[in-house]
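Notes follow the structure.
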Amino acid sequence: MKDSLKNTLSQIDIKQFQHDLISWFIEEQRDLPWRKDADPYKVWVSEIMLQQTKVDTVIPYFDRFLKKFPTIESFAAADDEAVLKIWEGLGYYSRVRNLHSAVKEVVGNYGGVVPDTQEEISKLKGVGPYTAGAVLSIAYGKPEPAVDGNVMRVLSRIMLIREDIAKASTRKVFEAAVRELIDHEHPSFFNQALMELGALICTPTSPACLLCPVRDHCLAFEDGVQSELPIKSRKKKTRHVDLIATVLKNNKEEFLIRKRPNKGLLAGLWEFPNVERNIHFEQSKAALQAYLIQDLQLETKLENGAFVRVDHVFTHLTWTIDAFAGELNPNIEIGQEYKLVTKDALEEYAFPVSHQKIWQAYKKQFA
DNA sequence: AAAGCGGGGCG
DNA sequence: CGCCCAGCTTT
């Protein structure tokens, strides 16, 4: 441990801090569906869903997930398309692919019992340092740190830690701090309380210090510098891609959809056939025709203009998609990544939100 | 160590 | 518009 951390810890009444924090949590915690019991499977699912995702967004997904897959065995037995469908719209789809893989591992090789040690649980796909600590502390009562963005923000203020939280190595500094601070009698409450404090009081902008239960322990508040913390270097700009997409229907009321590759952006999700718009193409429609003929070898008849434009923002990328409607030659041959499906069947597949918007616009105009 | 990976909401 | 969110994996 660094000397600076030791020095800071010596200024904090750890027992009093634990008491003030946990008492507040017991009194003020939100009533959330994953707090009804400490079933390791449910805790695990909730922690994966909550990665980079707000509580309000997760709640309906969590309820629907547990209704469809109430036990770890039922989820292990799910097929891949159902797994993606239940996650549709939640984002970061590798989370659910990894969770499914890990759950099958637990059911197959651990008798359906989620491992309760750092070494074993960390071997599971998608279980990193945060999730391991969260499941071990919340479901098993082990005094392991669970350091997420909330915890780094809260502790950077309380302990006046000025290291860049955007750096991967910085997490270890906070884990060392938590190991010193954590209440060994109540690890679950302690970890959850730190995160709850970050969500409700010690917020990124304008923290509610006057309502804070651990204000008296906070070195940043003492110096009046809470708004300067945490230190976080900012990221680079996103790039932009223009796409043209097609909603193509044949004379049997079937639509052409395509499965994305199993790696990379939106892996394994379904979409309407589309192509990156080449800057050298003057006309979207000309580029689209070229793609349809060359890549799909389709004979199609397109409507005149795009029926919708969809702008979509990712963390690292933005899309502008112009979507065209068209008729499809009934006798075409399609590659294995394509499917022809009816309107009802289409909606059983998992689509990214951008393509859901295309579909909604299509139905509104042509249905 | 840095980049890739979703989507929604807020100021 | 940028930033934030109960992060992990790959390169």
Side-chain angles (χ1 to χ4, degrees), chain A residues 29-30 32-35 42-62 84 87-99 101-102 121-139 145-154 164-172 174-175 178 188 191-200 202-207 230 232-240 260-269 271 310-319 350-357:
Chain A
Q29 66 170 300
R30 291 166 291 180
L32 301 173
W34 46 89
R35 287 181 175 160
K42 296 179 198 167
V43 172
W44 185 10
V45 170
S46 72
E47 291 302 339
I48 299 296
M49 286 187 171
L50 285 161
Q51 289 172 7
Q52 302 294 290
T53 311
K54 289 247 179 25
V55 163
D56 289 345
T57 304
V58 167
I59 290 172
Y61 280 90
F62 180 82
L84 277 177
W87 214 263
E88 181 186 48
L90 195 53
Y92 285 146
Y93 298 93
S94 65
R95 290 185 293 175
V96 77
R97 297 163 68 89
N98 288 335
L99 178 63
S101 168
I121 200 170
S122 296
K123 291 178 187 169
L124 298 171
K125 279 205 176 83
V127 178
Y130 166 75
T131 306
V135 174
L136 292 176
S137 62
I138 297 171
V147 173
D148 70 340
N150 279 314
V151 172
M152 288 197 282
R153 182 175 61 257
V154 169
D164 184 359
I165 66 166
K167 296 184 132 183
S169 57
T170 300
R171 195 198 67 248
K172 296 189 195 313
F174 289 92
E175 285 177 347
V178 171
S188 171
N191 280 341
Q192 291 189 75
L194 275 183
M195 294 187 276
E196 195 80 342
L197 190 70
L200 299 181
C202 197
T203 49
T205 58
S206 49
K232 185 172 188 180
S233 56
R234 58 172 201 286
K235 297 209 166 154
K236 288 182 234 179
K237 280 200 312 192
T238 60
R239 68 192 177 93
H240 182 80
R260 294 180 62 89
N262 281 326
K263 280 181 175 280
L265 183 65
L266 303 167
L269 273 72
E271 64 182 4
V310 171
D311 289 300
H312 196 77
V313 180
F314 299 96
T315 305
H316 60 298
L317 176 70
T318 57
W319 275 354
F351 281 70
V353 167
S354 52
H355 284 250
Q356 291 178 44
K357 287 178 182 166

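These figures come from a predicted structure and were not determined experimentally. Computed over heavy atoms, backbone and side chain alike; hydrogens, waters and symmetry mates excluded.
For A:His316 and B:dG4, the shortest distance from a side-chain N or O to OP1 or OP2 is not below 4.0 Å. Neither OP1 nor OP2 of C:dG7 sits under 4.0 Å from any side-chain N or O of A:Arg171. Side-chain N/O atoms of A:Tyr92 include none lying less than 4.0 angstrom from OP1 or OP2 on C:dT9. Applying the 4.0 Å criterion to OP1 and OP2 of C:dC8, one finds that A:Thr131 has a side-chain N or O inside that range. Using a 4.0 Å cut-off, some side-chain N or O of A:Gln52 falls inside it from OP1 or OP2 of C:dG7.
Using a 4.0 Å heavy-atom distance criterion, A:Arg260 is classed as making no nucleic acid contact. Residue contacts shown for A:Ser94 are absent, as no nucleic acid heavy atom lies under 4.0 Å away. The residue A:Gly264 sits close only to the backbone: its heavy atoms come under 4.0 Å of sugar-phosphate atoms, none of a base.
Distance from the side chain of A:Phe314 is smallest for B:dG6 among the nucleotides C:dG7, B:dG6, C:dC5. The nucleotide whose nearest atom lies closest to any side-chain atom of A:Thr315 is, among C:dA6, B:dG8, B:dG6, B:dG6. The side chain of A:Pro204 lies closest to C:dC5 when the candidates are C:dA6, C:dC5, B:dG7. Closest contact between the side chain of A:Asn98 and the listed nucleotides C:dG7, B:dG6, C:dT9 involves C:dT9.
For A:Thr318 and A:His240, the side-chain atoms include at least one donor-acceptor pair closer than 3.5 Å.
Between A:Glu196 and A:Arg35 there is a salt bridge, since at least one side-chain N of the basic residue sits less than 4.0 Å from a carboxylate O of the acidic one.
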